[in-house]
Amino acid sequence: MGARIIGTGSYLPPKCLTNADLERMVDTSDQWIVRRTGIRSRYHLAEGQDPAIMGIEAGKNALNQAMVSPEQVDLLIVASNFPDMICPGSAPFIAAGLGLDHAPFFDLKAGCSGFVYGLAIADGLISSGLFHHLLLVGTEALSRVTDWSDRKTCVLFGDGAGAVLLEPAPPGEGVLSSALYGDHDKALLLHLPAGGTRRPASHKTVEAKEHYLKMEGAGVYRSAVPMMEQATREVLASASLRLVDVDWLIPHQANIRIIDSLIQHLDFSREQVIINLDRVANTSTASIPIALDEALRSGRIARGDLVVLTAFGAGATYGAVVLRA
Ligand code: COA
């Protein structure tokens, strides 16, 4: 027994910020952003709106599509790096909004690979027989931790959420294999220095802008392609599959140049790759489930297609999952 996806959902907040909007905020240009990243717009939560709302909407869509009621869900996992509150996270607020009155819930923090990690963990928990209907949400309000005066990071990120509902599946259906990795030597390539227990919030940390994401862009860039390539090759090998068997690749949506380089290494064509970063930018843990939901709902990915999901992110974490849609 493994796990298969029986419902997907996603949510993007209504406020759209284009590259032209960013040109008015920092010293940048639409041309620079498109050429270096492929991003043209991103969505942001309105001021004062709770981040949990995004996970709730994505989760509702997944439950509705699967025709599963909140009472039938017996575990909620929320992959998020910047939860509503450091304690107790985002999961309890999303559980409340979905009316999951009897299900346990927890937050999972694994960088932008959080959804891929969550799917591998969900597959293991369902395979073990511990849970039947498991809701996995990837949600991120990156606009809340972005330094809007730093052109090196503020052009890259967006807000959003995606969700999948999983249930047990016979062998050969749903998740076929997972491969997860970590490289702790790269822990600080992407990090938020203050507000945790190592460096609690103080006037000094706020003045030094240490509550915003700091990124070593070139270091992340150099690591991303080999990480996702290794994970993709190894997850396929562990399922006795070949690169030519793959119908669709859904990579973490960070930068079109990273994606193009990855598919060149794997000998895939752009037509086999789901890309929405031009519209939604990098939404961290939400990026793969949003892309998956959009591709399934539009009919681009058909039920039964072989799909590889692969991600890298803060930590540094990376990994891949291969599944039959
Ligand atoms: N607009 C205009 N110029 C910008 C800019 C912006 N938004 N951001 C940076 N620049 C400038 C830099 O200041 C630098 O100028 P300088 O040469 O005068 O110092 C120049 O552009 C080149 O900067 P560099 O950082 O070398 O660009 P790059 O080609 O490496 O692209 C990233 C930068 C961030 C797009 C790229 O490194 C990247 O995508 N990294 C991975 C990021 C990522 O995926 N993060 C999420 C991980 S989950």
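Below, all heavy atoms of this structure are taken into account, side chains as well, without hydrogens, waters or symmetry copies. We count ligands from 1, going down the list as the structure has it; atoms in each ligand are counted the same way. One-based numbering along the sequence shown. In this text the structure is predicted, and so the values were computed from the model without any measurement.
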inquiry  = Let's go through Ile288 and Val116 carefully: what are the C-alpha distance in whole Å and the side-chain angles of both, what is the deciding distance for side-chain contact (heavy atoms from CB on, under 4.5 Å) to 0.1 Å, and is it a yes or a no?
reply    = CA-CA 8 Å; Ile288 289 178; Val116 166; 3.8 Å; yes
How far is [atom] from its nearest protein heavy atom, and which residue and atom name does that atom have?
atom	answer
atom 15 (O) of ligand 1	Arg151 NH2, 4.1 Å
atom 44 (O) of ligand 1	Ala254 CB, 3.4 Å
atom 45 (N) of ligand 1	Met215 SD, 3.2 Å
atom 47 (C) of ligand 1	Val220 CG1, 3.6 Å
atom 25 (O) of ligand 1	Lys152 CE, 4.9 Å
atom 30 (O) of ligand 1	Arg257 NH2, 4.4 Å
atom 24 (P) of ligand 1	Arg36 NH1, 4.3 Å
atom 39 (O) of ligand 1	Asn255 ND2, 2.6 Å

Asn61 vs Arg297, side-chain hydrogen bond (donor to acceptor under 3.5 Å, both in side chains): CA-CA, chis, key distance, verdict
CA-CA 11 Å; Asn61 292 338; Arg297 282 179 189 261; 5.4 Å; no
Note to self: Under the criterion side-chain contact (heavy atoms from CB on, under 4.5 Å), I'd like the reasoning laid out for Thr37 against Leu156: C-alpha separation, chi angles, the key distance, then a yes or no.
What the structure shows: CA-CA 8 Å; Thr37 71; Leu156 302 174; 3.6 Å; yes
Atoms in ligand 1 flagged as close to [X], the criterion being non-hydrogen separation under 4.0 Å:
X	answer
Ala218	37 (O)
Cys112	48 (S)
Val155	7 (N)

Note to self: Please determine whether residues Tyr11 and Phe93 belong to a single hydrophobic cluster, defined as Ile, Leu, Val, Met, Phe, Trp and Tyr linked transitively by side-chain heavy-atom distances below 4.5 Å.
What the structure shows: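 Cluster IDs for Tyr11 and Phe93 differ.
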From [options] - option closest to [atom] by heavy atom:
atom	options	answer
atom 40 (N) of ligand 1	Gly217, Ser284, Ser113	Gly217
atom 2 (C) of ligand 1	Trp32, Phe312, Phe157, Tyr221	Trp32
atom 1 (N) of ligand 1	Thr28, Asn81, Ile33	Thr28

Taking the side chain as every heavy atom from C-beta outward, state whether Leu166 and His133 have any atom pair closer than 4.5 Å.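 No, every pair of side-chain atoms sits at 4.5 Å or beyond.
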Can a protein heavy atom be found under 4.0 Å away from [atom]?
atom	result
atom 18 (O) of ligand 1	no
atom 10 (N) of ligand 1	yes
atom 5 (C) of ligand 1	yes
atom 35 (C) of ligand 1	yes

Note: [X]-[Y] ion pair, threshold 4.0 Å (strictly below):
X	Y	value
Asp278	Arg40	no
Arg324	Glu173	no
Asp260	Arg270	yes
Lys60	Glu57	yes

Exercise for review: May I ask you to check whether over 12 heavy atoms, not counting those of Ile86, lie within 6.0 Å of atom CD1?
Suggested key: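 Count not over threshold, so no.
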Practice item. State whether the shortest distance between N or O atoms of Asn282 and N or O atoms of ligand 1 falls below 3.5 angstrom. Key: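 The answer is no, given that Asn282 and ligand 1 share no N or O pair closer than 3.5 Å.
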Quiz item: If we only count N/O pairs under 3.5 Å, is Thr37 in contact with ligand 1?
Solution: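 No, no N or O pair falls under 3.5 Å.
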### Task
Check the pair Asn81 / Glu140 against side-chain contact (heavy atoms from CB on, under 4.5 Å), numbers first and verdict last.
CA-CA 7 Å; Asn81 294 292; Glu140 220 73 78; 3.3 Å; yes
Checklist entry - What is the ring orientation for Tyr318 with Tyr181, classed by angle as parallel under 30°, tilted 30 to 60°, or perpendicular over 60°? => result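 If you compare the ring of Tyr318 with that of Tyr181, the planes turn out parallel.
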